[in-house]
Amino acid sequence: MLLLGYLYFRLAGEAYALVSIGLISFAAVAQFAPAMLGGIYWKGGTRNGALAGLAAGFALWAYTLMLPSIAKSGWLADDFLRHGLFGIELLKPEQLLGLGTMDNLTHSLFWSLLVNAGAYLAVSLWRRPSGAEASQALMFVDVFSRAAPVERGVAAFAGTVHDPVFWRGHANVQDLLSLAGRFLGRKRALSLFQEYANSVGVDYVERIAADAQLVQFVETQLAGAIGSVSARAMVAAVVEEESLALDDVMRILEETSQIRAYSQALEEKSRSLEQATAELRAANEQLKSLDRLKDDFMSSVTHELRTPLTSIRALAELMRDDPKMDPAQRQEFVAIVVTETERLSRLVNQVLDMAKIESGHGEWHSSEVDLRELVAQAVQTTAELIRERGAKVIVDMPTRVPTLRADPDRLMQVMLNLLTNAAKFLPAHGGRIDVRLRAGPAGLTVEVQDNGPGVPEEQRSLIFEKFRQGGEPGNRAQGTGLGLPISRRIVEHFGGTIWLRCEPGRGACFGFDLPWHRDQAPQAHAGHGPAAQP
């Protein structure tokens, strides 16, 4: 359209003012008036009538107004202006049929609209409107008179109702019920028909009048399930309206496919949203748990830091205020300060180790490790701590085990964590820790078992998480709750697993497995026996 407008401006624009070009365009737009007004106020109009009127109107507009403007611009011979088409005076474009008392614009509008409206009326009256055309006409012509209160007809289903659109054909209630049952389900179809019967004032479905209103109701219900085009076609087939053409079938298939694809997409979106909601809910609960753990950790760390610092400060002030203190007592105080300082160092190192390991910046120095020697060294290191508690350690290991590749310092850290953790929960009298080492086809297994109260069942699944500590909330041993999580990270780094086994009345047994990482598993050495360390 833009190109045609520009072309006309280049051809006739120099001979006409802008306002004249606008009036010519207005005359062209006016050709749509008969079809538009007829569609709004007249029910008998047809599609072919509208097309015929538009074609005739635009032809007269072009002949009586546009072509003369081009001829006057010099781009077209003006013989037909002076002598008429084919030399017939009555066919002069600006004095058609001898009508020369009007200006050019009014003259063109008169003839083009007259022919336009005449062709629209003649072709529409020549052929009756089809069912679809009549239905569309009623929707526009009776748009205000068809509105009705909620109480009428099928208002219960739509909120407001309308009188039935134009429809011709023969319907049967049972046929329509069967059709609805095929797509909506027999039970739902019966329920809808019964509600419809109640709304129109009858008691039974069999007494419903098979009129246009029922047909429209069934079509509306089916449209929500299979689409409007498919619903219209199915109802038309049942009520013996128009037969389905190939184009109709193709539209039905296309619309049904689109509806199914859209429905599947909605279901997938719904499932995704439900899954995302569940994940967000779980993440929120985890964040709440971590927040509580953070508070517990801060409280625990603050307590662990305050206790040795208070002891160190008190002893340091005593030694400062009493220069003449007995050397033996001073030496005892210095030893306590050193012990508390080492305790602070362990606390800080645990926090730093956990941070480094989790961030992937932990330092690992792997070499061949004799786990038997490492376990014996760990037992010896903690022997004094266990002896102070009046307990004993029973070591059960083979005389020799194959070496495996790991970081000996990290594995020593794991053993010390397990041994000191076991020592915390020993009973006041008769405490015992069993340390066992086994070599198998898959790797080595180390177990550290105490005869303490064990780990409550509700805490067993959480004992290896950060900041978790075993025991009753009001009677927990000192510590930050990082020893076991650090041990788990170390063991998992070397491809192993750490675990907990609890049996009623037998305390807690912590252990870990380390794989060989070799093509052939070594043979376990049979000679082993328990060795007790008081």
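Residue numbers start at 1 and run along the sequence shown.
- Within a 6.0 Å sphere centred on CD of Glu384, heavy atoms belonging to other residues, nucleotides or ligands number more than 12.
- Taking CG of Leu374 as the reference point, atom CG of Leu444 lies at 11.0 Å (rounded to 0.5 Å).
- With rounding to the nearest 0.5 angstrom, the CD atom of Gln174 is 9.5 Å from the CD1 atom of Ile208.
- The aromatic rings of Phe494 and Trp364 sit perpendicular to each other, their planes meeting at more than 60°, with 30° as the lower class boundary.
- Separating the CD atom in Glu274 from the OG1 atom in Thr277 is a distance of 7.5 Å, to the nearest 0.5 Å.
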Report task. Apply side chain to side chain contact (heavy atoms under 4.5 Å, CB included) to the pair Arg186 and Leu177, showing each step before the final yes or no. Result -> CA-CA 8 Å; Arg186 180 69 179 177; Leu177 179 59; 3.7 Å; yes

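- Without hydrogens or angle criteria, Glu195 side chain to Leu190 main chain gives no donor-acceptor distance under 3.5 Å.
- Using the six-membered ring where Trp is involved, Tyr196 and Phe217 have ring planes that are parallel, under 30° apart on the 30 and 60° scheme.
- The heavy-atom pair separating Ala378 from Leu416 by the smallest distance is O-CD2, 4.0 Å.
- Between Asp450 and Asn421, every side-chain heavy-atom pair lies at or beyond the 4.5 Å cut-off.
- In this structure, His493 and Arg410 have side chains that are not in contact, with every pair of non-hydrogen atoms separated by 4.5 Å or more.
- Within a 6.0 Å sphere centred on CZ of Arg313, heavy atoms belonging to other residues, nucleotides or ligands number 12 at most.
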Intermediate values then yes/no, side chain to side chain contact (heavy atoms under 4.5 Å, CB included), Val200 and Gln213: CA-CA 10 Å; Val200 296; Gln213 183 171 291; 3.5 Å; yes

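- For the residue pair Asp370 and Thr403, no side-chain donor N or O sits within less than 3.5 Å of a side-chain acceptor on the partner.
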### Message
Could you go through Met415 and Val375, starting from their C-alpha distance and side-chain angles, then the distance that decides it, and tell me whether this counts as side chain to side chain contact (heavy atoms under 4.5 Å, CB included)?
### Response
CA-CA 7 Å; Met415 284 301 306; Val375 170; 4.1 Å; yes

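- Ile498 and Ser487 get closest at one heavy-atom pair: CD1-CB, 4.0 Å.
- Under a 3.5 Å cut-off, the side chain of Ser191 and the backbone N or O of Arg188 do not form any donor-acceptor pair.
- Contact between Gln194 and Val205 at its shortest, heavy atoms only, is OE1-CG2, 3.6 Å.
- Here Gln329 contributes atom CD and Leu318 contributes atom CG; the two are 8.0 Å apart, rounded to the nearest 0.5 Å.
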query: For Val414 and Met412, what are the C-alpha separation, side-chain angles and deciding distance, and is it a side chain to side chain contact (heavy atoms under 4.5 Å, CB included)?
result: CA-CA 5 Å; Val414 174; Met412 176 62 72; over 6 Å; no

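- In this structure, Gln331 places its CD atom where only 12 or fewer heavy-atom neighbours from other residues, nucleotides or ligands lie under 6.0 Å away.
- Every residue meeting the side-chain contact (heavy atoms from CB on, under 4.5 Å) condition with Glu267, not counting sequence neighbours, appears here in chain and number order: Ser263, Arg271.
- For the pair Arg432/Leu426, no side-chain contact is recorded, criterion being any heavy-atom separation below 4.5 Å from C-beta on.
- Across every non-hydrogen atom of Trp499 and Val446, the tightest pair is CZ2-O, 4.5 Å.
- The shortest side-chain heavy-atom distance between Ile312 and Thr341 falls under the 4.5 Å cut-off.
- In this structure, Arg372 contributes its side chain and Pro398 its backbone to a donor-acceptor pair below 3.5 Å.
- For the pair Phe512 and Ile490, the minimum side-chain heavy-atom distance is 4.5 Å or more.
- Ser311 and Ile336 get closest at one heavy-atom pair: OG-CG2, 4.0 Å.
- Between the side chain of Asn284 and the backbone N or O of Leu280 there is no donor-acceptor pair closer than 3.5 Å.
- Side-chain atoms of Gln377 and Glu373 form no donor-acceptor pair, as typed in the model, at a separation below 3.5 Å.
- One distance of note links CD of Gln275 with OG of Ser270; it measures 11.5 Å at 0.5 Å rounding.
- Phe193 is listed as a side-chain neighbour of Leu176, based on a closest heavy-atom distance under 4.5 Å.
- A donor-acceptor distance shorter than 3.5 angstrom exists from the side chain of Arg389 to the backbone of Ala423, with no hydrogens or angles considered.
- Thr382 has its side chain within reach of Thr420: a pair of non-hydrogen atoms, C-beta onward, lies under 4.5 Å apart.
- Counting heavy atoms from C-beta on, the side chains of Asn451 and Pro427 come closer than 4.5 Å.
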Under the criterion salt bridge (charged side-chain N to carboxylate O under 4.0 Å, His left out), I'd like the reasoning laid out for Arg438 against Asp396: C-alpha separation, chi angles, the key distance, then a yes or no. CA-CA 9 Å; Arg438 296 287 183 270; Asp396 183 6; 2.8 Å; yes

| task | Please assess Arg281 against Glu285 for the test salt bridge (charged side-chain N to carboxylate O under 4.0 Å, His left out), listing each intermediate value before the final yes or no. | result | CA-CA 6 Å; Arg281 188 180 296 111; Glu285 293 298 326; over 6 Å; no

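- Contact between Leu404 and Pro515 at its shortest, heavy atoms only, is CD2-O, 4.3 Å.
- The closest side-chain donor-acceptor pair between Arg436 and Gln449 falls under 3.5 angstrom.
- Tested against Val491, the residues Ile486, Asp513, Leu514 include a single side-chain contact (heavy atoms from CB on, under 4.5 Å) partner, Leu514.
- For the atom pair CZ of Arg405 and CH2 of Trp516, the computed distance is 15.0 Å after rounding to the nearest 0.5 Å.
- Judged by distance alone, with hydrogens and angles left aside, the side-chain atoms of Asp409 form no donor-acceptor pair with the main-chain N or O of His365 at under 3.5 Å.
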